[in-house]
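Structure, as structure tokens:
Just the heavy atoms: all of them, side chains too, but no hydrogens, waters or symmetry mates, feed the values below. Both ligands and their constituent atoms are indexed starting at 1 by order of listing.
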Amino acid sequence: MSLIHKSAADLGALVARGEASAVEVAQAHLDRIAAVEPKVNAFLHVDAETTLAQARRVDERRAAGEELGPLAGVPIAHKDVFTTADMPTTAGSKILEGWRPPYDATVTRRLREAGLVILGKTNLDEFAMGSSTENSAYGPTRNPWDLSRIPGGSSGGSSAAVAAYQAPLSTGTDTGGSIRQPAAVTGIVGMKPTYGGSSRYGLIAFASSLDTPGPFARDVMDAALLHEAFSGHDAMDSTSIDAPVPSVVEAARQGDVAGLRIGVVKEFGGEGYQAGVLARFHETVELLENLGAKVVEVSCPSFTTALPAYYLIAPSECSSNLARFDAMRYGLRVGDDGTRSAEEVMALTRAAGFGPEVKRRIILGTYALSSGYYDAYYGQAQKVRTLIARDFQAAFQQVDVLVSPTTPTTAFPIGERADDPMAMYLADLCTIPSNLAGNAAISVPCGLADEDGLPVGLQIMAPVLGDDRCYRVGAAVERALTDRWGGGLLAKAPAL
Ligand code: GLN
């Protein structure tokens with residue numbers, strides 16, 4: 001098996017035993033990137049020299065006898081919304097084109113400390129707003145399963161890079177589904193940790209009460225290893241949880257569901273869902289039952305109001321967060337020729353620098369927060385948020401985890417929903433409740449839809465700080481299905 005087809009755990013072990021150098025492993029992935037990137041467009045920035053220098057440092061640390069973690073020498077693709085002191089950071093926006101941050105995000109710093117080798121920065125919907133990566137100012141990323149389709153979003157560059165074997169691991173951020181939905185539609189694993197379980201310091205903010213960094217990988221164990229590598233308390237993030245990281249690696253190793261109570265969310269499924277998605281979902285629920293879980297149906301009535309509440313809360317926070325792009329402090333500055341006022345330069349810069357979806361969100365959010373409307377829109381949405389959290393609390397009295405399809409449909413064609421924001425927003429129907437409540441949720445592959453042969457994701461939702469349960473159930477499903485398929489789902493992906 002070539003290096004690019006190995007798991008992150010295996011690559012880390014090869015490097016640890018001295019059977020491969022970090023430089024060799026990095027070079028194999030750089031070669032893969034060079035070969036398939038023209039088709040996929042997963043990266044906004046790749047710099048072989050910086051990558052190889054990082055790999056050399058890992059080899060030196062090893063040679064000096066330094067004790068390094070299980071992922072030392074493993075390459076990773078990093079979402080271009082985390083600051084990196086040695087690489088540009090754009091958030092997929094023209095307004096930050098060419099910006100070099102003066103510091104590393106906490107997630108970035110922890111990747112480096114763990115000896116992970118950053119291959120480059122991945123494409124995303126501008127400021128992480130979108131479900132298809134079509135809102136990137138730098139062109140869409142393509143789904144490795146079918147290059148005419150979207151790889152999900154907003155972390156579409158990160159999902160595509162892992163599915164295309166350009167990297168065994170990548171980072172993402174999930175505000176309304178941006179890790180789980182891209183993972184589902186590219187046939188990989190994507191985890192949204194408990195809110196506050198992973199640091200937002202140095203993450204370019206979209207909606208601060210929702211934004212959550214998390215891992216992508218081709219299997220559950222690799223995702224768990226990466227989760228542990230960058231999670232945990234950070235004094236630099238005021239909403240970071242000061243508690244031990246749940247034992248997700250141990251849970252992934254365990255991977256059994258005997259005696260576990262699993263709730264199927266009654267409100268998710270039916271009209272608007274693709275038949276092939278529902279078929280794979282129901283089969284997987286049956287499989288869990290056969291593996292010894294006790295499956296019951298659970299009603300979460302407020303989940304049906306999550307989408308509208310999210311589209312008031314997220315834009316409200318975004319309108320406030322994006323006020324910092326004022327043409328003075330970062331990136332782009334338009335029309336500063338000495339004849340214009342600061343306000344005029346700011347207006348010209350924001351008009352030229354932000355794309356249409358970002359502008360739509362800023363306008364929506366500013367409206368929802370404006371005097372006279374605040375209670376009716378933002379205030380009301382916050383109440384819905386409380387109801388959703390209560391639905392989860394009630395559900396987790398009865399069951400250990402909840403399951404649903406991750407997304408209502410498989411990957412849609414590029415362009416299909418680009419002019420229809422409502423259709424685009426529906427991609428996150430099932431993922432948003434976990435963001436509003438702040439609990440943990442994962443997407444693991446559960447098969448291919450009959451209609452189009454494209455991957456389907458199973459979403460497993462757990463209580464706040466119950467991240468380990470997501471991995472435990474995810475690993476059980478993965479094991480059973482890998483046996484059935486005679487290999488991982490990506491073994492079935494058409495070669496690029
Ligand atoms: N698709 C959702 C949105 O556009 C979620 C994005 C995200 O999680 N960053 O807001």
Side-chain angles (χ1 to χ4, degrees), residues 79-82 91-93 107 122-136 140-141 150-159 170-186 190-193 195 198 200 203-216 306-319 321-322 354-365 368 381 385 406-409 411-412 416-443 457 459:
K79 188 176 181 181
D80 199 26
V81 73
F82 292 100
S93 182
V107 168
T122 56
N123 199 10
L124 68 154
D125 286 301
E126 187 176 4
F127 289 105
M129 297 172 199
S131 302
S132 67
T133 317
E134 292 166 289
N135 296 337
S136 167
T141 297
I150 60 106
S154 64
S155 317
S158 288
S159 62
S170 61
T171 57
T173 57
D174 194 311
T175 303
S178 280
I179 293 175
R180 289 161 287 160
Q181 182 259 4
V185 301
T186 56
M191 169 77 183
K192 184 199 92 69
Y195 175 79
S198 50
R200 290 183 296 107
L203 162 65
I204 296 175
F206 163 14
S208 307
S209 78
L210 304 164
D211 296 343
T212 312
F216 284 103
L307 194 72
Y310 172 87
Y311 276 100
L312 289 167
I313 293 169
S316 295
E317 294 188 21
C318 125
S319 72
N321 271 324
L322 271 58
F354 289 142
E357 184 62 26
V358 172
K359 288 177 183 160
R360 176 167 21 242
R361 306 278 179 115
I362 293 173
I363 292 168
L364 269 172
R385 190 170 186 176
T406 306
T407 58
T409 69
F412 45 88
E416 189 187 81
R417 301 190 190 178
D419 300 322
D420 185 350
M422 264 313 291
M424 189 69 87
Y425 297 170
L426 284 172
D428 297 306
L429 199 59
C430 307
T431 48
I432 282 174
S434 302
N435 296 88
L436 292 175
N439 58 291
I442 199 168
S443 179
Q459 178 177 227

> Which one holds for Asp428 and ligand 1: side chain close, backbone close, both close, or neither close, with close meaning a heavy atom under 4.0 Å?
Replying inline: side chain
> Any heavy atom of Ala314 sitting closer than 4.0 Å to ligand 1?
Replying inline: no
>> Under a 3.5 Å threshold, yes or no: a donor from one side chain and an acceptor from the other, between Asp428 and Ser131?
In response: yes
> Angle class for the Tyr311/Tyr425 ring planes (parallel below 30°, perpendicular above 60°, tilted otherwise)?
Replying inline: parallel
>> Quick check on side-chain contact (heavy atoms from CB on, under 4.5 Å): which of Asn435, Ile432, Thr173 does Leu210 satisfy it with?
In response: Asn435
>> Can you confirm, on distance only, whether ligand 1 has an N/O atom lying under 3.5 Å from any N/O atom belonging to Ala128?
In response: yes
> Would Thr406 and Ser443 count as having a side-chain donor-acceptor pair, cut-off 3.5 Å?
Replying inline: yes
> Would you say the side chains of Lys79 and Ser155 form a donor-acceptor pair under 3.5 Å?
Replying inline: yes
> Between Tyr311 and ligand 1, which residue portion shows a heavy-atom distance shorter than 4.0 Å: side chain, backbone, both, or neither?
Replying inline: side chain
> What part of Ser154, side chain from CB on, backbone N/CA/C/O, both or neither, has a heavy atom under 4.0 Å from ligand 1?
Replying inline: side chain
> Looking only at heavy atoms of Arg361, does any of them come nearer than 4.0 Å to an atom of ligand 1?
Replying inline: yes
> At a non-hydrogen distance cut-off of under 4.0 Å, which region of Tyr310 contacts ligand 1 (side chain, backbone, both, or neither)?
Replying inline: side chain
>> As an exercise, identify every atom of ligand 1 less than 4.0 angstrom from a heavy atom of Gly130.
In response: 1 (N), 2 (C), 3 (C), 4 (O), 6 (C)
> Quick one: are Pro421 and Arg360 in side-chain contact, heavy atoms under 4.5 Å?
Replying inline: yes
>> How far is atom 6 (C) of ligand 1 from the closest protein heavy atom, and which atom is that?
In response: Ser178 OG, 2.8 Å
> Under 4.0 Å from any heavy atom of Phe206, which atoms of ligand 1 are there?
Replying inline: 9 (N), 10 (O)
> Side chains of Glu126 and Ser93: is there a donor and an acceptor less than 3.5 Å apart?
Replying inline: yes
